[in-house]
Amino acid sequence: MGGVSSATIKRYRAVKTHHVKFCREEKITYWNELGKANLRKYGQTRERNERAAARTVHFEMRAVMSVNRWLIEEELLPESARVRLKLSKPQGTDTYCYTREQVTTMVVYCRRAQGLNWLGDVIVMLAHTGLRISELVDLRWEDIHFQSQTIRIADERSSRAKTKAGSARTTKGKRSRSLPMHLQVEELLQAMPRHRDGFVLHAARGGRLRSRNVLHDFIEKVIEPLTPQFPTPAGEIGFAEGRLHSFRHYFCSQAFLGGAAEAEIRDWLGHAESKMVEHYRHLRSEDAVRRMRTLSFLDVGEDKGSSAIQE
């Protein structure tokens, strides 16, 4: 049916590793020995003893239950072995969302630091597009359309030729999408040199960007040096925990504050459901106050409004 991406395989391989480890420790050999009690214990072990995030535990337990359901549907397990466990999906997110001041500071810092201009380009692109870092490093000039002022994020898994050549790009949602080009992104792209490999962004010495290497340099050369400037109160998630994916949350929040419709943001991010947009949206109290003061609830002037409320 088209298969799955390497990123998906990698994600589920981690689930398998954790679950196999638990089963070995509990001396569970067969799937019909799993049961609701053991699955609940698995979740508790991951969350309490191994400090796994609530969303991670929920994802892993759902994956195990999916395997159980599949085995029953394929008649490899009897119906009596079905695991029925109601799971509450965690709300909110632990991903930190940067402020405008923090993003501006990071860009200025990279522009002034020797050898970090390329990282400044990455930050500007992530903050103004909401792209995943995997999508950004694979961005090619053929995806940039200056005439229509759009960026095309293509899922190429259906291309037999590119798949055979190993150059087919895939998106997490298996959907291609077009993203309107922000003016600052257009200006940045227009000033960039064109490399023979066809990719838009490159490292300091002109080599290809790799997601893991970008993340490593971002943490070591930007987050850590600037953390003293943005201290985090004890027990809270702050700037020090910010990562590249935080820019996706930042883009969504700033788009909302700027008046973009939810349907527009959903398309820009490449999601089919509004729930994921809510997951990315972070509205700070100061943003909410500023937004509230721009709204009008009475079709009267300020003075008349005060008199009407008093009456």
[X] (side chain) donor-acceptor with [Y] (main chain) under 3.5 angstrom:
X      : Y      : value
Glu33  : Tyr30  : yes
Thr56  : Ala52  : no
Ser246 : Gly242 : no
His216 : Arg212 : no
His195 : Asp197 : no

| task | Salt-bridge test for Glu50 and Lys21: reply yes if a basic N is under 4.0 Å from a carboxylate O, no otherwise. | result |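 Salt bridge: yes.
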
| query | So does Asp138 pair up with Arg208, basic N to acidic O under 4.0 Å? | reply |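 Salt bridge present between Asp138 and Arg208.
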
| message | Please find the pair of heavy atoms, one from Pro180 and one from Ser178, that lie closest to each other, and give the distance. | response |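 Heavy atoms of Pro180 and Ser178 come nearest at CD-O, 4.0 Å.
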
| request: Search all heavy atoms of Pro225 against all heavy atoms of Ile219 and return the closest pair with its distance. | output: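 Minimum heavy-atom contact is CD-O, 4.4 Å.
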
| task | Determine whether Leu85 and Trp31 fall in the same hydrophobic cluster, where Ile, Leu, Val, Met, Phe, Trp and Tyr are linked whenever their side-chain heavy atoms lie under 4.5 Å apart. | result |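 Hydrophobic grouping puts Leu85 with Trp31.
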
| Hey, quick one: are Val20 and Phe59 part of the same hydrophobic cluster, counting side-chain heavy atoms closer than 4.5 Å, chains of contacts allowed? |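 Result: no, two separate clusters.
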
| request: May I ask you to decide if the ring planes of Phe146 and Trp141 are parallel, tilted or perpendicular, using 30° and 60° as cut-offs? | output: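 Taking Trp141 first and then Phe146, their aromatic rings sit tilted (interplane angle of 30° to 60°).
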
| Once the angle between the rings of Phe22 and Tyr42 is folded into 0 to 90°, is it parallel (under 30°), tilted (30 to 60°) or perpendicular (over 60°)? |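 Taking Tyr42 first and then Phe22, their aromatic rings stand perpendicular (interplane angle over 60°).
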
| Nearest-0.5 Å distance, CD of residue Glu135 to CG of residue Leu126 |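 It comes to 10.0 Å.
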
| message | Just to verify, which of Phe247, Tyr250, Phe251 counts as forming a ring-ring contact (aromatic ring centres under 6.0 Å, His included) with Tyr98? | response |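 It is Phe247; the other options fail the test.
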
Heavy-atom distance under 4.5 Å between the side chains of [X] and [Y], does that happen here?
X      : Y      : value
Asn117 : Arg111 : yes
Leu179 : Thr150 : no
Glu264 : Asp267 : no

| field | Other residues, nucleotides, ligands: >12 heavy atoms within 6.0 Å of Arg205 CZ | value |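 No - once you tally the heavy atoms of other residues, nucleotides and ligands closer than 6.0 Å, there are 12 at most.
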
| Does atom CD of Glu79 have more than 12 heavy-atom neighbours from other groups under 6.0 Å away? |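 Atom CD in Glu79 is packed in, count exceeds 12.
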
